[in-house]
Amino acid sequence: MLVRFGYVAMSLLVDNASPAKTMTLTGFRKLPDRDAALRRLARIAGENLANTLRLLRHNKAHDIHLYRFSSKLVPLIGHGDVADWDPLPQLAPAFAAIGAYVREHGMRTGFHPDHFTLLSTPREDVLASSIADLRRHVRYLELMGLDDTAKSNIHIGGAYGDKAAAAARFCGNYARLDDGVKRRLTLENDDKTFTAAETLAVCEQVGAPMVLDIHHHMVNHDGEDAVRLWPRIARTWSGQRVPPKIHASSPRSEREPRAHADYVDAAELLRFLRAIAPETERLDVMLEAKAKDAALLRLMEELRGEPGIVPVDGATIATFR
DNA sequence: ACCTGTCAAGTCTGG
DNA sequence: CCAGACTTGACAGGT
């Protein structure tokens with residue numbers, strides 16, 4: 001099994017390289033000259049995109065082939081206050097430069113629209129803004145010139161007092177999405193509501209690949225074993241041109257089991273990897289540790305010393321079958 | 001330069 | 001039924 005590792009959005013190792021600088025809505029409203037305020041938003045977006053490219057170069061230097069873009073690249077976009085504002089044409093060259101670099105180096109990238117993007121909601125207004133958000137993420141990826149191996153990953157959403165009804169509503173709303181959005185969507189189990197088994201059932205019903213989060217599974221399950229579910233989860237990726245992806249992180253403490261620790265427990269992750277290795281050829285692991293790329297490098301260092309693990313490059317390992 | 005409080009979003013819980 | 005918790009990085013305002 002060949003396993004690649006990646007991290008999310010920000011770096012602890014590259015200084016002043018945030019891809020998610022913003023302006024608060026309050027701050028925006030306080031500015032007397034609206035055109036100047038909009039220009040400032042566009043300038044911040046340009047800096048976020050430039051920093052994203054810097055991070056990709058940093059990733060390349062460390063053989064990190066997996067990266068999740070920040071969903072806050074363009075501050076306040078999608079908000080009612082700036083509904084008339086479309087900075088994407090002027091930002092297109094910056095998006096294109098990012099995509100060109102990703103393609104040139106064969107990286108796997110994607111987004112994780114935040115948990116206010118919900119397809120299970122009973123509220124029409126929330127559904128409408130969620131669909132608009134998904135379309136906007138597709139637009140980003142298209143501006144980058146990335147094919148549909150680059151996806152947005154979301155959760156099923158809230159239960160609203162009736163989880164089965166919420167799942168059914170999710171499926172109905174999913175079915176009505178346009179193909180461009182559908183082709184670029186993956187679904188992930190969450191830490192409070194939809195378990196891995198429940199998320200898998202939805203994935204199988206609508207035909208979406210499932211991202212298994214093994215930390216979420218640990219704190220939200222009905223007794224089922226993630227390794228037992230794995231063959232079905234892996235099957236949701238058949239027909240895709242990228243390997244299955246999982247999320248990995250470790251609990252901060254016994255008192256705060258859901259919170260993400262700074263670093264990833266190598267032994268715990270390795271147990272899962274070894275368990276699925278016999279039936280898995282390739283796997284991508286997105287680390288969701290607070291220490292971001294520093295956690296990734298430390299994990300790689302720890303894995304290098306493990307028996308049966310062969311380092312392939314700075315952020316890829318092979319395990320014996 | 002640093003510290004504390006606030007900000008955005010939608011759902012869910014506690015009172 | 002409404003206020004606060006949840007989550008996250010960064011802004012905003014204070015010292």
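In what follows, chains are A, B, ... by sequence order, proteins preceding strands, each numbered from 1. Please read all numbers here as calculations on a predicted model, not as lab measurements.
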Q. Do A:Lys60's NZ or CZ and the ring of A:Tyr101 fall within the cation-pi criteria of under 6.0 Å and 45°?
A. no
Q: Examine A:Arg169 relative to A:Tyr174 and say whether NZ or CZ is less than 6.0 Å from the centre of the six-membered ring and inside a 45° cone about the ring axis.
A: no
Using atom [atom1] of each nucleotide, how far apart are [N] and [M] to the nearest Å?
N      : M      : atom1 : value
C:dA10 : B:dT11 : P     : 26 Å
C:dG4  : B:dG5  : P     : 15 Å
B:dC12 : C:dG9  : P     : 23 Å
B:dC7  : C:dA3  : P     : 15 Å

Q: Give the intermediate values and the outcome of side chain to side chain donor-acceptor pair (under 3.5 Å) for residues A:His112 and A:Glu188.
A: CA-CA 10 Å; A:His112 195 344; A:Glu188 177 193 351; 3.1 Å; yes
(Q) Against A:Arg4, only a single residue in A:Thr316, A:Asp284, A:Asp313 fulfils side-chain hydrogen bond (donor to acceptor under 3.5 Å, both in side chains); can you say which? (A) A:Asp284
Give [X] one of three labels, base, sugar-phosphate or nothing, depending on what nucleic acid heavy atoms sit under 4.0 Å from its own.
X        : answer
A:Ala259 : nothing
A:Lys21  : sugar-phosphate
A:Thr117 : nothing
A:Thr193 : nothing

So does [X] get a side-chain nitrogen or oxygen closer than 4.0 Å to the phosphate oxygens (OP1/OP2) of [N]?
X        : N      : result
A:Arg258 : C:dC6  : no
A:His115 : C:dT8  : no
A:Tyr160 : B:dT11 : yes
A:Thr22  : C:dC11 : no
A:Thr121 : B:dG10 : no

Whole angstrom value for the distance that separates [atom2] of [N] from [atom1] of [X]:
X        : N      : atom1 : atom2 : value
A:Phe194 : B:dT11 : CZ    : P     : 12 Å
A:Lys72  : B:dA9  : NZ    : P     : 12 Å
A:Arg29  : B:dC7  : CZ    : C1'   : 12 Å
A:His155 : C:dT8  : NE2   : P     : 11 Å
A:Ile156 : B:dC12 : CD1   : C1'   : 18 Å
A:Leu76  : C:dG9  : CG    : P     : 19 Å
A:Ile44  : C:dG9  : CD1   : P     : 18 Å
A:Asp191 : C:dC6  : CG    : P     : 13 Å

Of the listed nucleotides [options], the one nearest the side chain of [X]:
X        : options               : answer
A:Met10  : C:dT7, B:dT11, C:dG9  : C:dG9
A:Lys290 : C:dG9, B:dG10, C:dC11 : C:dG9
A:Lys30  : B:dC12, C:dG13, C:dG9 : C:dG13
A:Leu25  : C:dT8, B:dA8, B:dG10  : B:dA8
A:Ala159 : B:dG10, B:dA9, B:dC12 : B:dC12

(Q) Please check: side-chain N/O of A:Tyr263 versus main-chain N/O of A:Leu299, any donor-acceptor pairing under 3.5 Å? (A) no
Q) Hey, is CG on A:Asn16 packed in by over 12 heavy atoms from elsewhere, all under 6.0 Å? A) no
Q: Take atom CZ of A:Arg54 as the centre, draw a 6.0 Å sphere, and report whether it contains more than 12 heavy atoms from other residues, nucleotides or ligands.
A: yes
Q: Please tell me which of A:Lys192 and A:Met23 maps to the more 5' nucleotide of DNA chain C, matching each residue to the nucleotide holding its nearest heavy atom.
A: A:Lys192
